[in-house]
Amino acid sequence: MQEIKPQLKTAVAAALDALGVADPPEIIVQETPEGKEGDYATPVAMGLARSLRKPPPAIAAEIAEKLQLPQWVKRAFVTGGYLNFELEAGFVTQTATQTAEPWAKLPGKVLLEHTSVNPNKELHVGHLRNICLGDSLARILRLAGRNVEVMNYIDDTGRNAAESLFALEYFGLGASEGYKKYDHFVGDAYVRLHQEMADEEKKATIEKGVQETLHRLEAGQLRSEVDRLLRSQLQTMYRLGAEYDALVWESDIVREGLLSQAMKALENTPYVSRPTEGKYAGAFVMDMSPFIPGLEDPYLVLIRSNGTSTYTAKDIGLQFWKMGLLGGVKFKEYDTQPSGHLLYTSFPQGSPMDFGKATETINVVDARQSHALRIVQASLEVEGRPDLAQGCFHLAYETVLLEGKQMSGRKGITVSVDEVMNEAVKRARAIIAEKNPQHPAPDQAAEMVGVGAVRFAMIKTEAKKQIDFRYEQALSFEGDTGPYVQYAYARACSILRKAAEQGLLDEKPDFAQTTAYEVGLSKTLLRFPEVVQEAARAKAPHILAQHLLELAAAWNAYYNAKTPQGKPATVVLGAPQGLRGVRLGLVKSLQSTLKMGLELVGLAAPEVM
RNA sequence: GCGCCCGUAGCUCAGUGGAUAGAGCGUUCGCCUCCGGAGCGAAAGGCCACAGGUUCGAGUCCUGUCGGGCGCGCCA
């Protein structure tokens, strides 16, 4: 697909040069608003008014005079201060029906960490946003030519995991109780344990047991227990469509000595110390003030006076590993994911592999931890690597409310991802039964639509906006939803199926017959590559989701378009020969673009729904 | 107290400094003699929180104010 806008820009730039404009501004070419004449326009004359001491329309007219336009520009004309271009309808549509060339591979490696759910209970809707954002962004960056490695961090030495495992022991539930999904089973025990802790006497016993479990976790003695829970959680992630390259366990990071290596490295810088008196006596601290201005207390504790390391210290060790400053973690195969892609895991007796050593990192973590991540980033500057610090990106998303209220995992005030998906699929199945009783594979389609609705609901809003998870909204299949986009896709598939049956698929297009209806849809289609690039640049999947809604809307509007007399204006299969070829080409292009777009936000593309 | 984020239609949200600020939900009215009505068209609904500023041009950039969310531990 050759790009139209850059060619117009080049033409305008050449005209400015011919006019002798000394210091030309950046040339912006945009689509003309609905209802205006022309297809594309540039406001460049307005910015030049002052320096050229002429009114914008006069400048625009001069530019128009000097323009050497490609033959596909029907006319260039001035309206107000704008210079507008009207293009040959056939050319626009022909361009939109050409297949895009893949983008060039870019150098460097992006290590993207997402999910990183505590291995202690089932996933809830708060985790959902993290997974959907991270997985979609990974897909977008890959299409944009980046080498992306997706990592899921397993905090198996944290307090949450210890509480859950101890809860099983405490309630005598260790053995397999197959009545529900294992992560739910463990999660129930965890919530029960916290209820039990309301009793002060029991709390003391429990605390002792949790501490003991914590030690066993750190020693790696409970790996198979964590493993069982993790595999159960992974089923949920896979069902959502998320996959990973590597799992990195915290206990492995600690065991391989990455933490102490990182501390040793920092020790050689002038910013760390071990105060012998005062507030921080006996601790190992880092002075952040040269790197983060405005701190009330510039000191950050890395190792407590009792010798244990802080969470931040562990994060620094991990970040140093991600960016290749430390080595030593070993890996082995862990699972074959639904797509067939192998998943690896860190493992003490594994083999060295090429994970890590990234030039850029993306951490998908909720916005409450912005400060902590800023410190991790600054620690790279402490280490004398501002270049690497620059490569750190925190994809901060705001928290998810549940029906307007804050969730609480401890108290069990959550809705699980499994439950949400089950309900969504159930509803989708009912709608299929109602609307398409002859459906050849209703259960598969219901799965695609139900899960798609949930996933799209998580993606469509900008990450930094707090969202409220409401059942009725997230499970809606109408309006600004995933199923709306899927429906548009299925509709296009349906036409192409019929065209194939009638042997029309390869009909030659006669672009001279192109109408204004095709041009509108074509222009929206032509925006797709720009949108993908912008979503990748801004690391913002919602940009793509929003465009998919626009694209589906443009297609639906085209599909239903009527002549002023109220007759169908855009019938594809019944169109005159030649025009039919044009329309079929457009539908093919739309169909494959929607498919690619759905894939990028992680939704399945059902051919029939 | 200091710092970060948000404030756009009744509700939920889009909106790379450019033309008359757009969707969805909800409300009202239309559209299957047409390839899928999970759709389409139309109506109604806006001091883009407020006040200054920068600019030829501000929902968008800057400053301040007011509302709301979240951070700022030898917690994780």
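Per chain, numbering begins at 1; letters A, B, ... match sequence-line order.
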### Euclidean distance, atom CZ of residue A/Arg491 to atom C1' of B/C34 [Å, nearest integer]
11 Å

### Message
Strictly below 4.0 Å: does A/Ser370 bring a side-chain N or O up to OP1 or OP2 of B/C4?
### Response
no

### Message
Starting the side chain at C-beta, find the nucleotide from B/C5, B/G37, B/G39 nearest to A/Asn556.
### Response
B/G39

### Query
How would you label the contact of A/Lys279 with the nucleic acid (heavy atoms, under 4.0 Å): base, sugar-phosphate, or nothing?
base

#### Entry: Per A/Ser494 side chain, nearest of listed nucleotides B/C56, B/G36, B/A19
B/G36

### Task
Look at all strands and tell whether A/Thr570 reaches a base, only sugar-phosphate, or nothing, counting heavy atoms closer than 4.0 Å.
base

### Message
Would A/Lys523 pass as a cation-pi partner of A/Tyr40, given that its NZ or CZ must be under 6.0 Å from the six-membered ring centre and within 45 degrees of the axis?
### Response
yes

### B/A49 - base-pair partner by Watson-Crick or wobble geometry, distances under 3.5 Å
B/U65

### Message
Tell me whether A/Arg427 is salt-bridged to A/Glu423, with the criterion being a basic N under 4.0 Å from an acidic carboxylate O.
### Response
yes

### Message
Per the salt bridge (charged side-chain N to carboxylate O under 4.0 Å, His left out) rule, what does the pair list look like for residues 541-554 of chain A, sequence neighbours excluded?
### Response
A/Arg527-A/Glu550

### Task
Cation-pi check, A/Lys539 to A/Phe393: give yes when NZ or CZ is under 6.0 Å from the six-membered ring centre and within 45° of the ring axis, no otherwise.
yes

### Separation of the C1' atoms in B/G36 and B/C32, to the nearest angstrom
10 Å

### Task
For A/Tyr484, answer base if it contacts any base atom (sugar-phosphate contacts may also be present), sugar-phosphate if it contacts only those atoms, and nothing otherwise; contact means non-hydrogen atoms under 4.0 Å.
sugar-phosphate

### Summary
The nucleotide from B/A38, B/G37, B/A14 with an atom nearest the side chain of A/Tyr559 is B/G37

### Query
Over how many whole Å does the gap from A/Asn436 atom CG to B/C35 atom C1' extend?
15 Å

### Query
Looking across every strand, which nucleic acid part, if any, lies under 4.0 Å from A/Gln466 by heavy atom: base, sugar-phosphate, or nothing?
sugar-phosphate

### Query
Base, sugar-phosphate, or nothing for A/Thr79, non-hydrogen atoms under 4.0 angstrom?
base

### Message
Work out how far the P atom of B/A44 is from that of B/G10, and round it to whole angstrom.
### Response
15 Å

### Task
With P as the reference atom in both, quote the distance from B/C25 to B/A49 in angstrom, rounded to an integer.
25 Å

### Query
Is the distance between the ring centroids of A/Tyr271 and A/Phe291 less than 6.0 Å?
yes

### Pairwise side-chain contact, A/Met263 with A/Phe284, heavy-atom cut-off 4.5 Å (strictly under)
yes

## Note on the structure
From CD of A/Gln565 across to P of B/G41 the rounded distance in Å is 18 Å

### Message
Please report the distance separating the P of B/A21 from the corresponding atom of B/C62, rounded so that it comes out in whole Å.
### Response
24 Å

### Message
So that I can tick it off, tell me whether A/Lys279 and A/Asp297 are bridged by a salt bridge, with the cut-off set at under 4.0 angstrom between side-chain N and carboxylate O.
### Response
yes

### Task
Could you let me know what B/A38 is paired to, Watson-Crick or G-U wobble, both distances under 3.5 Å, or none if it's on its own?
none

### Query
Side chain of A/Ser164, backbone of A/Tyr190: donor and acceptor closer than 3.5 Å?
no

#### Entry: Whole-Å gap separating C1' (B/C35) and CD1 (A/Ile495)
5 Å

### Task
Using the P atoms only, state how far B/G7 lies from B/U12, rounded to an integer number of Å.
12 Å

### Task
Rounded to the nearest angstrom, tell me the gap between atom CG in A/Asp366 and atom P in B/C4.
18 Å

### Message
If you compare every side-chain N and O of A/Tyr558 against the phosphate oxygens of B/G39 (OP1, OP2), does one of them come in below 4.0 Å?
### Response
no

#### Entry: Sugar-phosphate only, base, or nothing, as touched by A/Ala41 at under 4.0 Å among non-hydrogen atoms
base

### Task
Would you classify A/Gln30 as touching base, sugar-phosphate or nothing, given that sugar-phosphate means primed atoms plus P, OP1 and OP2, and contacts are heavy atoms under 4.0 Å?
base

#### Entry: Where the chi angle of B/C32 falls, syn if within 90° of 0 and anti if not
syn

### Message
I want to verify a distance call: between B/C40, B/G36, B/G71, whose nearest atom is closest to the A/Met609 side chain?
### Response
B/G36

### Task
Could you please name the option among B/C13, B/C72, B/U12 that lies closest to any side-chain atom of A/Gln473?
B/U12

### Message
At under 4.0 Å between heavy atoms, how does the protein contact nucleotides 20-33 of chain B? Give one character per nucleotide, 5' to 3', with B, S or -.
### Response
B--BS------S--

### Message
As a test of reading the structure: which of B/G41, B/G15, B/A38 is closest to the side chain of A/Ala557, going by heavy atoms?
### Response
B/G41

### Message
Students often get this wrong, so: under 4.0 angstrom with heavy atoms, is A/Val608 touching a base, only sugar-phosphate, or nothing?
### Response
base

### Task
Sticking with atom C1', work out how far B/G37 lies from B/U33, rounded to a whole angstrom.
16 Å

### Query
Under 4.0 angstrom, heavy atoms only, what part of the nucleic acid is A/Asn84 near: base, sugar-phosphate, or nothing?
base

### Message
Looking at B/A19, which nucleotide sits across from it as a Watson-Crick or G-U wobble partner, both distances under 3.5 angstrom, or is there none?
### Response
none

### Task
Tell me the partner of B/C72, counting only Watson-Crick (N1-N3 plus N6-O4 or O6-N4) or G-U wobble (N1-O2 and O6-N3) with both under 3.5 Å; none if nothing fits.
B/G1

#### Entry: OP1 or OP2 of B/G39 under 4.0 Å from side-chain N/O of A/Tyr487
no

### Query
Which comes earlier along RNA chain B counting from the 5' end, the contact point of A/Gly158 or that of A/Tyr40, where each point is its nearest nucleotide?
A/Tyr40

### Task
Please state how far atom CG in A/Leu594 lies from atom P in B/G39, giving the value in whole angstrom units.
15 Å

### Task
On RNA chain B, check which nucleotide each of A/Arg470 and A/Thr310 is closest to and give me the residue with the more 5' one.
A/Arg470

### Query
Using a cut-off of less than 4.0 Å, is there contact between a side-chain N or O of A/Lys435 and OP1 or OP2 of B/A38?
yes

### Query
Nearest to the side chain of A/Gln406, which nucleotide is it out of B/A38, B/C70, B/G1?
B/C70

### Query
Can you tell me how far P in B/A42 sits from the matching atom in B/U63, rounded to whole Å?
42 Å

### Query
A/His542 NE2 to B/U12 P: how many Å, rounded?
18 Å

### Query
Is it the case that more than 12 heavy atoms not belonging to A/Arg429 sit under 6.0 Å from its CZ atom?
yes

### Task
Find the distance A/Lys465:NZ to B/C5:C1' and express it as a whole number of Å.
10 Å

### Query
On a whole-Å scale, what distance lies between the C1' atoms belonging to B/G57 and B/U20?
15 Å

### Message
Under a 3.5 Å cut-off for both contacts, is B/G57 paired Watson-Crick or G-U wobble with anything, and if yes, with which nucleotide?
### Response
none

#### Entry: B/A9: pairing nucleotide in any strand, Watson-Crick or G-U under 3.5 angstrom
none

### Query
Within the structure shown, what part of the strands sits under 4.0 Å from A/Ala554 by heavy-atom distance: base, sugar-phosphate, or nothing?
nothing

### Query
Within the structure shown, what part of the strands sits under 4.0 Å from A/Ile303 by heavy-atom distance: base, sugar-phosphate, or nothing?
nothing

### Minimum-distance nucleotide (side-chain atoms of A/Lys464 versus B/G36, B/G71, B/C6)
B/C6

### Query
Should the ring pair A/Phe469 and A/Tyr471 be called parallel, tilted or perpendicular, given that the plane angle runs from 0 to 90° and is split at 30 and 60?
perpendicular

## Note on the structure
Testing B/G1, B/G71, B/A14 for proximity to the side chain of A/Glu462, the answer is B/A14

